[in-house]
Every structure is written in structure tokens, then in C-alpha cells.
**Q** 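After the C-alpha cells below, expect a handful of questions from me.
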Amino acid sequence: MEKQIETTVGQLYDGVLSPQSWHAALDGLCTYIDAVAFHYFTLDTSGARVPESAGNPERTGLTGDRMAEYEQRYAGTDLRMAATLRMPVGAVMLDHEHIGSRDFSRDALYNDWLAPLGLRHTAASMVRAEGSAQDFLSFMRPLDGRAYESKHKAVIEQLMPHINRAAKLRALVGHLSRQAALGLSALDSLPQGMLVMDAHCRIEYANTAVQRCLGPSSPLRSANGRLQCVQSEHQARLQQLVRTACASPGRAGALECRSNHPQMDRLVASVLPLKASHTLASAWQIPMAVVILVVPGALGGLDHRVVGEMLGLSPAEARLALLLTAGKSIKDFAVAEGCSWHTARTHARNLMAKTGCHRQVELVQLVQALQME
């Protein structure tokens, strides 16, 4: 039994990063206490939401739909929940110790929800309470099973410190993952290319816009994980700027690059020091520089591909949006594109419809809002 407990403890801590290991640990605990189902869920009391809910439907009929039914119809009047909330965090509640036989026979949860699932007695605990978040864990026995005994309670209590600690770590990792995902999503929505590099121009991070900036005709490229300039004199200057930004104290600088391609616009790389106190810098624990790539003369660094992706426009519609924002007219667009007035007007109507704008001034404001000074 002790070896089984050690295995479960290891799975609990592996479960901080792996949902499969967390599931395996709780499913294994079911076996040790003669239960057939577990239900683990988080309740956000600030909005009465359930951000996480998990069980083992492969062993019971406790599917996601049935758990959602519980959360919506029965959680508010659950006698087991009420008894668990009266106890300290980490204490184990055995339902037969808190609910009388008369209440068992009359309660809707036991008769209308648990019984059809073939379930009966419950052992439960509130394993985490931080801010408005509360995590609950329950183990349910089959309908024909007896009430839990003290030996089963002892097994849960032996594991409870590890469950408590692992639950807090899981919540922290989940919060950090969500924050990181939001931050990366925000960086990927920027029209400018943004890279984080070390003093040797090794790229540690690049947002989505960098791919547009480092095309075949670009004066900059990525080779072997490093940012490089096509022209050697620009390369030496870039390396110097990055080293200077990574030095202490770091200083900013800018480099305007051109390639030999006749149709390639200039590209300006602004190199900024990443302060050691910044979250990104502390993650790598070495001096870092931020490089921002912008096409000079473009509206706030925007090009039609960026506008098209952000607003769901065709290339022609995106070019028209930028031209109108720059103060030009639909007639100017027709001339620049070499298309008829009728075609230009059709693009304009589609542009307004897709953006939900009713006047040109609204469109201009919308495009300007995509800029980053």
C-alpha cells in the first residue's frame, strides 16, 4: 500500500503540469478507497462560475454533461457541499457522518442524480481556497456499496497535504499560462515585427509580424537562429547596436537597412535595452535587447497585409483602407490600382461593410487605432 501511495504522490506533483497525471492520481486513489468515481472542480465564487471540472467518465456515467447538470441544478442545494464548507480546508467529509438516513432518502441529489448514475456515498474535501477560487474533490462509491470506513478516510487524509500543495501549484501554473497566452496574443497582434535577442543576435522570441518583415526580398533575415543583415556593413552596425543595448547601462539605437532587391522598401530596426527588472529579462537571466522592425513611411508601421489580417479584408480592400487613412480618395485608389471607378467603389462598399463603418471618418479612426506610435 505504501508503494501505491508513493506512486500517487508522484502523479499528483506530475499533475501540476500534466492533466493526464493528475487524472491518473485521482483515479488511482479511487481504487485505494473502494470508490468508482471522482469529481474535481473549481468554483469561482465571485461569478458563480466553474472554470474547471473533471472526473473519470470512463468508469462511470459521470460525463461532462452530467457534471454540468450537477453544477447548474444541484450544487446550490447539495447537502454534501454544505457539510464540506463547514469544515476547514483539507478536512475530509464523509457524507454518512453529516447527513441522516431520512435526508438521504428524501434528497433530490441522491435520488435523481447520483442513483441513476449508480452512485451513493461520498467522501469530499475543499482542497484549496485562494481569493474567490475554491477547489473541491469528491469520491463516490457504487450504489450497492457501504458507507466509507475510518481506514478509507485515513488514506485520503494521508494524501491530503500533497493534494493541497499540488492543487495550489496547478492553480498557479494555470494562471501563469493564461497570462503568458494573453501576452503572446497581444504581441502577435502588433503590426510591427518584434524580437527579443541576446548580445550575439540569437533570437529568443519573435512575434508573428517578424515573418512578414523577413521575406525573400527583405534586407534582414534569420539564419541559424540569429538575426542577420543582407549587407555586411549593416550587419556590423546591427551587432554593435545589440551589444550596446545588452550592455550595462544599455542604450537604444536604430539602423535603416536596404537590400539589393529593387522592390524592397527600407526597413528600420530599432534596438532597445530590455531592463534586467523586466519579467522577460528575468526569465532568461541574461542581458537581452528588443528589436522592433518597421517599414518607414508606412502608416504607423502598418502595411496592407497587417490591416487585412486584423480586419478580415482582402488585399485590395486593405490597400484602400490605408490609402483613405492617408487622406487620399477612392479616385486616387482607382488610379493607383489601375482599375475602374466602378471596381474601386465596389471595394469601398465591401470595406465599409466588413469593418462595420458607416462613414469614412470612422474607417480612418479604426485604422489609426491599429497604429503603435
**Q** For residues I330 and A348, report the shortest heavy-atom separation together with the two atoms involved.
**A**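 Taking I330 first and A348 second, the nearest heavy atoms are CD1-CB, 3.7 Å.
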
**Q** How long is the gap from CG on L117 to CZ on R66, to the nearest 0.5 Å?
**A**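 Output value for this atom pair is 4.0 Å.
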
**Q** Where do L220 and C213 land on the side chain to side chain contact (heavy atoms under 4.5 Å, CB included) test, with the steps shown first?
**A** CA-CA 8 Å; L220 290 169; C213 296; over 6 Å; no

**Q** Under 3.5 Å, side chain of N164 to main-chain N/O of V127, donor-acceptor pair present?
**A**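 The answer is yes, because a donor-acceptor pair under 3.5 Å joins these two groups.
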
**Q** At their closest point, which heavy atom of I156 faces which heavy atom of A123, and how far apart are they?
**A**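 For I156 versus A123, the nearest heavy atoms are CD1-CB, 3.9 Å.
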
**Q** Check salt bridge (Lys or Arg N to Asp or Glu O under 4.0 Å) between R251 and all other residues, then give those that pass, not counting sequence neighbours.
**A**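 Applying salt bridge (Lys or Arg N to Asp or Glu O under 4.0 Å) to R251 gives none.
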
**Q** Would you say that L29 contacts V155 through its side chain, given a criterion of any heavy-atom pair below 4.5 Å between the two side chains?
**A**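 They are in contact (side-chain heavy atoms under 4.5 Å apart), so the answer is yes.
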
**Q** Would you say the side-chain atoms of T346 pair up with the backbone N or O of H342, donor to acceptor, closer than 3.5 Å?
**A**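 Such a contact is found between T346 side chain and H342 backbone.
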
**Q** A side-chain contact here means heavy atoms from C-beta on lying under 4.5 Å apart; do L255 and V271 qualify?
**A**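 They are not in side-chain contact.
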
**Q** Take D44 and Q134 through the side chain to side chain contact (heavy atoms under 4.5 Å, CB included) test and state the conclusion after the steps.
**A** CA-CA 7 Å; D44 184 348; Q134 297 174 331; over 6 Å; no

**Q** Quick check: does any side chain N or O of D78 sit under 3.5 Å from a backbone N or O of A75, one acting as donor and the other as acceptor?
**A**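 Not confirmed, D78 side chain does not pair with A75 backbone.
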
**Q** How long is the span from the CG atom in L267 to the SG atom in C229, to the nearest 0.5 Å?
**A**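 Reported to 0.5 Å precision, the distance equals 9.0 Å.
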
**Q** Might you point out which heavy atoms bring K331 and W341 nearest each other, and give the distance in Å?
**A**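 That closest heavy-atom pairing would be N-CZ3, 3.8 Å.
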
**Q** Checking salt bridge (Lys or Arg N to Asp or Glu O under 4.0 Å) for the pair E6/K3: CA distance, chi angles, key distance, verdict?
**A** CA-CA 5 Å; E6 289 180 8; K3 186 175 181 180; over 6 Å; no

**Q** Got a second to check how far L169's CG is from R128's CZ, nearest 0.5 Å?
**A**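 Rounded to the nearest 0.5 Å, the CG-CZ separation comes to 10.5 Å.
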
**Q** Using a 4.5 Å cut-off on heavy atoms from C-beta on, say whether the side chain of M197 contacts that of E204.
**A**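 No, side chains not in contact.
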
**Q** When you measure from the side chain of S138 to the backbone of T122, do you find a donor-acceptor pair of N or O atoms at a distance under 3.5 Å?
**A**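 Such a contact is absent between S138 side chain and T122 backbone.
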
**Q** Which pair of heavy atoms, one from A171 and one from E130, lies closest together, and at what distance?
**A**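 So the minimum-distance heavy-atom pair works out to CB-OE1, 4.4 Å.
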
**Q** Using side-chain heavy atoms (C-beta onward) and a distance below 4.5 Å, is E2 in contact with Q158?
**A**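 SC-SC contact between E2 and Q158 confirmed.
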
**Q** Atom NZ of residue position K168 - does it have more than 12 heavy atoms of other residues, nucleotides or ligands inside 6.0 Å?
**A**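 No - once you tally the heavy atoms of other residues, nucleotides and ligands closer than 6.0 Å, there are 12 at most.
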
**Q** May I ask you to list the residues sharing a hydrophobic cluster with L143, side-chain cutoff 4.5 Å, ordered by chain and number?
**A**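 None; L143 is a cluster of one.
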
**Q** Report the C-alpha distance between Y74 and M81 in whole Å, list the side-chain angles of each, state the deciding distance to 0.1 Å, and finish with yes or no for side chain to side chain contact (heavy atoms under 4.5 Å, CB included).
**A** CA-CA 10 Å; Y74 297 103; M81 175 76 79; over 6 Å; no

**Q** Kindly compute the distance separating OG1 (T63) from CD (E58), expressed to the nearest 0.5 Å.
**A**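 Between atom OG1 of T63 and atom CD of E58 there are 11.5 Å.
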
**Q** With a 4.5 Å limit on heavy-atom distance, are the side chains of Q228 and H234 in contact?
**A**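 The answer is no, as the side chains (C-beta and beyond) never meet within the 4.5 Å cut-off.
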
**Q** Below 4.5 Å, heavy atoms only, C-beta onward: do R141 and D34 meet side chain to side chain?
**A**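 In contact.
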
**Q** Taking only residues at least two apart or on different chains, which pairs with a member in residues 143-152 satisfy salt bridge (charged side-chain N to carboxylate O under 4.0 Å, His left out)?
**A**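 Checked against salt bridge (charged side-chain N to carboxylate O under 4.0 Å, His left out) - neighbours excluded - no pair reaches residues 143-152.
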
**Q** Within the distance-only criterion (no hydrogens, no angle test), does the side chain of Q240 pair as donor or acceptor with the backbone N or O of A236 below 3.5 angstrom?
**A**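 Not at all, since once roles are kept as given, no pair shorter than 3.5 Å links the two residues.
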
**Q** Does the side chain to side chain contact (heavy atoms under 4.5 Å, CB included) test come out yes or no for L195 and V290, once each step is laid out?
**A** CA-CA 6 Å; L195 307 98; V290 175; over 6 Å; no

**Q** Kindly compute the distance separating CG (L227) from CG (L214), expressed to the nearest 0.5 Å.
**A**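 Answer for the CG-CG pair, L227 versus L214, is 6.5 Å.
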
**Q** Going by the rule side-chain contact (heavy atoms from CB on, under 4.5 Å), which residues pair with T7 if we only count those two or more places apart in sequence or in a different chain?
**A**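 Expected list: Q11.
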
**Q** Side chains of E97 and M93, heavy atoms from C-beta outward: is any pair under 4.5 Å?
**A**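 When only atoms from C-beta onward are counted, M93 and E97 do not touch, as no gap falls below 4.5 Å.
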
**Q** With sequence neighbours left out, write down each residue that passes side-chain contact (heavy atoms from CB on, under 4.5 Å) with A147, or none if nothing qualifies.
**A**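 Testing A147 for side-chain contact (heavy atoms from CB on, under 4.5 Å), a comparison that skips the adjacent residues, returns H96, H121.
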
**Q** Is a donor on one side and an acceptor on the other found under 3.5 Å between the side chain of D14 and the backbone of S21?
**A**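 No, because the side chain of D14 does not come within donor-acceptor range (under 3.5 Å) of the backbone of S21.
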
**Q** Give the minimum heavy-atom separation between T84 and M126, together with the two atoms involved.
**A**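 Closest approach of T84 to M126, heavy atoms only: CG2-N, 3.5 Å.
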
**Q** Show me, pair by pair, the donor-acceptor contacts under 3.5 angstrom made by side chains of residues 311-323, not counting sequence neighbours?
**A**
residue	atom	partner	partner atom	Å
S314	OG	E317	N	3.2
S314	OG	E317	OE1	3.3
E317	OE1	S314	N	2.9
E317	OE1	K354	NZ	2.9
E317	OE2	K354	NZ	3.4
R319	NE	E337	OE2	2.9
R319	NH2	E337	OE1	3.1

**Q** Could you work out, with side-chain contact (heavy atoms from CB on, under 4.5 Å) as the rule, every residue matching T31, not counting sequence neighbours?
**A**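 For T31, the residues satisfying side-chain contact (heavy atoms from CB on, under 4.5 Å) (neighbours in sequence not counted) are R59.
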
**Q** Provide the full list of ring-ring contact (aromatic ring centres under 6.0 Å, His included) pairs with a residue in residues 126-173, sequence neighbours left out, each pair given once.
**A**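 Sorted result for residues 126-173: Y13-H162, F41-F136.
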
**Q** For R202, what residues pass the salt bridge (Lys or Arg N to Asp or Glu O under 4.0 Å) criterion, not counting sequence neighbours?
**A**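 If we apply the salt bridge (Lys or Arg N to Asp or Glu O under 4.0 Å) test to R202, skipping adjacent residues, the hits are D198.
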
**Q** So, S340 versus T343: side-chain donor-acceptor pair below 3.5 Å or not?
**A**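 Note: S340 and T343 side chains meet the donor-acceptor criterion.
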
**Q** Do the side chain of R226 and the main chain of H200 share a donor and acceptor less than 3.5 angstrom apart?
**A**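 Side chain of R226 to backbone of H200: a pair is present.
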
**Q** For residues 174-188, run the donor-acceptor check on the side chains, cut-off 3.5 Å, and write out each pair with its distance to 0.1 Å, sequence neighbours left out.
**A**
residue	atom	partner	partner atom	Å
S177	OG	V173	O	2.9
R178	NH1	G174	O	3.4
D188	OD1	T208	N	2.9
D188	OD1	T208	OG1	3.0

**Q** Do L363 and L324 come close enough that some side-chain heavy atom pair is under 4.5 Å?
**A**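 A side-chain contact exists here, since the closest heavy-atom pair is under 4.5 Å.
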
**Q** According to side-chain contact (heavy atoms from CB on, under 4.5 Å), who are the partners of A37, at least two apart in sequence or on a separate chain?
**A**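 Partners of A37 under the side-chain contact (heavy atoms from CB on, under 4.5 Å) test: N56, T60, L62, L119, M140.
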
**Q** Distance only, no hydrogens: is a donor on one side chain within 3.5 Å (strictly under) of an acceptor on the other, for E71 and S53?
**A**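 Yes.
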
**Q** Tell me the side chain to side chain donor-acceptor pair (under 3.5 Å) pairs involving residues 100-120, sequence neighbours left out?
**A**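 Residue pairs with at least one partner in residues 100-120: D95-Y110.
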
**Q** Taking all atoms of both residues into account, what is the closest heavy-atom pair of A344 and A334, and its distance?
**A**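 Minimum heavy-atom separation between A344 and A334: CB-CB, 3.9 Å.
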
**Q** Ignoring hydrogens and geometry, is there a side-chain-to-backbone donor-acceptor pair from H23 to G55 under 3.5 Å?
**A**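 Looks like yes, one N/O pair under 3.5 Å.
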
**Q** Which value, rounded to the nearest 0.5 Å, describes the distance between I163 atom CD1 and S125 atom OG?
**A**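 So the gap between those two atoms works out to 7.5 Å.
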
